[in-house]
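As a basis for the values below, the full set of heavy atoms in this structure was taken, side chains included, without hydrogen atoms, waters or symmetry mates.
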Amino acid sequence: MDILKSLGHPEEIFNLFKFKMGGCSTVMRKLDYESMSESLRTCYLYLNQTSRSFAAVIQALDGELRHAVCIFYLVLRALDTVEDDMTIPMDKKVPMLNDFHTFLYQDEWRFTESQEKDRQVLADFPTISVEFRNLAKEYRDVISDICHRMGVGMAEFLEKKVGSMKEWDLYCHYVAGLVGIGLSQLFSASQLEDPEVGRDTEMANSMGLFLQKTNIIRDYLEDIQVGRAFWPQEAWSQFAGRLEDFAQPEKLDSALSCLNFLVTDALRHVPDVIAYLSRLQNQSVFNFCAIPQVMAIATLSTCYNNPMLFQGVVKIRKGQAVTLMMEATNMRAVQTIMAKYNQEIIQKVSHTDPTRDKTLRILALIREKSAVSQSNLTSRTAHLSPMYLSAAMLLAALSWQYLSTTAAQGTGDMKGQ
C-alpha cells in the first residue's frame, strides 16, 4: 500500500490525501474531450495508455501547445516502438527508422506487425498522422525535423553498442536530447516562451540527457535481463569484465563504484537544468519541465550507492512523487528540492569511492546554483507535534482505502467521457 511506504514522511501522507481529493488540479487539469474531433480524442487515449510519466503534465499545457506536444509525444513513441521491437528484421528496421518522418505525410501508412506493448500507435498511425497534419506549420516543421534526426540516430546505434562516454552522450542526445530541443522549439513557436528558449539547444539537450541517463542508470537490471546494454563500456570496463557481472553479489563493490561513476556523470547536467528552468515564464510550461527534472534528481539520490539497484526495482515512493509534483511549481521550490536531494547524495558519498572527488565537486556546483539557505532544507515535519503525527497516521490507516475508492469514482477518467 502506497501510504504505508510514506509512514515515516507525514508530509507525503498529507499530499497523498490532498492528491486523492483533487489537489492535483493545480498541475493536472481535466480536458474537454467533448469538443475534440474523434481522432484527437483517440490521440489523448493513446497518450494516457502509453505514458505513465508525461500524460498528466502534457494535458496541463496551455492552449494549442497542448495538442502539439501530445502529437509530438505519440509520433516519437511510435518511432521508439519500431526501435525497441526485436522482431523486426534489421534490413527492414533501418530504412523504417530513417524514413519514419516521411510517414507523417502519408495518409494511410501504418505498421501492423509489431509485437511491442505500444503497438497500437503504429497500427493506428493514420489517426496520429492526420492530427499531425492538422497542426500549424511551425509545429509540423519542428516535429518532422526532430523525428527525422532521431530516426537517423536510432538507426546508427542499432548496430553498435554504447562504448565511450562520448557515445553515451550521443546516444542520449538522439533519444532524449532531441526531445528536449524539439519541445523547447515548440514552446517558442507557441509564443508562450521567449525565442531564446528554442534557440539554446545546449541547455535543452541537457534537460533530455539528465532524464535519459537517470532512466538508464535506474533500469540496469531490467535491461540486463532482456539482453539490452545501455551503460557505456568505458565506464563499466573499469570495474568488471562484463556488464552482467554487476548482478553477482560478490561483485557488489565494483558495481557500486560504476553506479556512482555514472550518477556523477548524470549530475553534471543539473546546473544546465536549473539555468533552463529559470528562463521559463509560462506556468504550464514550467510545471511540464520542472516536474520530471525533480523526479529525476530524487531518483538519482535513491539510486546512488544503493545495492538494491542490482537486485530489483529501485524507484521513489508514490507519496514522494506526488509531493514533488505538487511542490515543483516555482523556481524557488525547485531550487529547494534540488538542494535537498543534492545534500542527500553528499551524505552518501563514501570516503573510498573512486569518483568521490569529482562527485563532491559537481555537488558543490549544484549547491551553488541552487542557492538555497540550509534553513529552507529543514523538513516541515520538524514543526509538526507528535500528537498531530500520530493522529494523521491513524486517520490515514483507517480511511485510505475508502478515499481511494470514492475519489476514483468522483474524478473519473477519459474512458468515461
Side-chain angles (χ1 to χ4, degrees), residues 25-33 35-37 39-44 46-48 50-51 53-79 101 104-105 127-150 176-208 210-211 272-293 325 328-331 334:
S25 59
T26 55
V27 291
M28 295 168 55
R29 71 186 58 163
K30 198 170 183 179
L31 295 186
D32 178 15
Y33 296 107
S35 64
M36 295 181 187
S37 66
S39 57
L40 188 56
R41 281 199 302 271
T42 302
C43 285
Y44 278 101
Y46 292 156
L47 174 67
N48 282 277
T50 58
S51 171
S53 304
F54 293 112
V57 284
I58 287 174
Q59 291 171 115
L61 286 167
D62 288 341
E64 62 184 20
L65 177 62
R66 181 189 314 123
H67 299 329
V69 174
C70 172
I71 300 306
F72 185 43
Y73 175 86
L74 291 176
V75 168
L76 298 188
R77 171 57 62 190
L79 178 65
H101 66 290
L104 292 168
Y105 291 97
T127 295
I128 298 169
S129 66
V130 73
E131 287 301 329
F132 164 81
R133 293 189 296 274
N134 287 338
L135 294 172
K137 183 179 185 300
E138 53 266 31
Y139 297 134
R140 296 199 308 270
D141 289 346
V142 171
I143 295 171
S144 178
D145 175 60
I146 296 298
C147 181
H148 184 197
R149 293 160 66 186
M150 186 179 291
L178 284 172
V179 180
I181 292 169
L183 286 169
S184 300
Q185 292 172 349
L186 292 177
F187 300 156
S188 294
S190 72
Q191 299 185 356
L192 293 177
E193 295 295 344
D194 190 84
E196 182 61 24
V197 171
R199 285 196 295 261
D200 193 338
T201 57
E202 184 175 346
M203 283 192 183
N205 188 58
S206 285
M207 293 280 285
F210 184 56
L211 298 181
D272 275 354
V273 168
I274 294 171
Y276 181 98
L277 293 174
S278 69
R279 287 179 172 174
L280 301 178
Q281 301 298 316
N282 178 269
Q283 184 65 60
S284 73
V285 172
F286 184 89
N287 294 346
F288 175 86
C289 295
I291 290 170
Q293 301 295 333
M325 184 172 66
T329 56
N330 62 78
M331 197 61 218
V334 167

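- By the 30° and 60° cut-offs, the orientation of the rings of His148 relative to His101 is parallel.
- Taking the side chain as every heavy atom from C-beta outward, Tyr276 and Val197 approach each other to under 4.5 Å.
- In this structure, the side chain of Thr50 engages the main chain of Tyr46 through a donor-acceptor pair within 3.5 Å.
- Between Met325 and Val57 there is no side-chain heavy-atom pair separated by less than 4.5 Å.
- Checking Leu65, Ile146, Val142, Ile58 one by one against Phe72, the side chain to side chain contact (heavy atoms under 4.5 Å, CB included) holds for a single residue, Ile146.
- In terms of heavy-atom proximity, Cys43 sits nearest to Thr127 at SG-O, 3.8 Å.
- One distance of note links CG of Leu40 with NE2 of His67; it measures 5.0 Å at 0.5 Å rounding.
- Every residue meeting the side-chain hydrogen bond (donor to acceptor under 3.5 Å, both in side chains) condition with Gln283, not counting sequence neighbours, appears here in chain and number order: Asn287.
- Across Ala328 and Val334, no two heavy atoms sit closer than the pair CB-CG2, 4.1 Å.
- Between Phe286 and Met331, some side-chain heavy-atom pair lies under the 4.5 Å cut-off.
- The distance from the CZ atom of Arg133 to the CD1 atom of Ile128 is 11.5 Å, given to the nearest 0.5 Å.
- The salt bridge (Lys or Arg N to Asp or Glu O under 4.0 Å) test applied to Asp272 returns no partner, not counting sequence neighbours.
- Scanning all heavy atoms of the two residues, the minimum distance from Asn282 to Ser284 falls at OD1-OG, 2.6 Å.
- Of the possible donor and acceptor atoms, none in the side chain of Arg66 sits under 3.5 Å from a partner among the backbone N and O of Ala60.
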Please evaluate residues Arg140 and Leu104 with respect to the criterion side-chain contact (heavy atoms from CB on, under 4.5 Å), reporting the C-alpha separation (whole Å), side-chain torsions for both, the decisive distance (0.1 Å), and the verdict.
CA-CA 9 Å; Arg140 296 199 308 270; Leu104 292 168; over 6 Å; no
Would Tyr44 and Glu131 count as a side-chain contact (heavy atoms from CB on, under 4.5 Å) if you check the C-alpha gap in whole Å, the side-chain angles of each, and the deciding distance to 0.1 Å?
CA-CA 11 Å; Tyr44 278 101; Glu131 287 301 329; over 6 Å; no
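- What you find for Asn205 and Ile181 is that their closest heavy atoms are N-CG1, 4.1 Å.
- In this structure, Ser188 contributes its side chain and Gln185 its backbone to no donor-acceptor pair below 3.5 Å.
- Between Val179 and Leu76, the shortest heavy-atom distance links the atoms CG2-CD1, 3.8 Å.
- Counting only heavy atoms from C-beta outward, the side chains of Leu183 and Met207 never approach each other to under 4.5 Å.
- The environment of CD in Glu196 is crowded: more than 12 heavy-atom neighbours from other residues, nucleotides or ligands sit within 6.0 Å.
- In this structure the side chain of Tyr139 never reaches within 4.5 angstrom of the side chain of Ile71, judged on heavy atoms.
- A donor-acceptor contact closer than 3.5 angstrom is absent between the side chains of Ser184 and Glu193.
- For the atom pair OG (Ser144) and OH (Tyr105), the distance works out to 5.0 Å, reported to the nearest 0.5 Å.
- Gln281 places a side-chain N or O within 3.5 Å of a backbone atom of Arg279 that can act as its donor or acceptor partner.
- Side-chain atoms of Glu64 never come within 3.5 Å of backbone atoms of Ser190 as a donor-acceptor pair (strictly under, hydrogens ignored).
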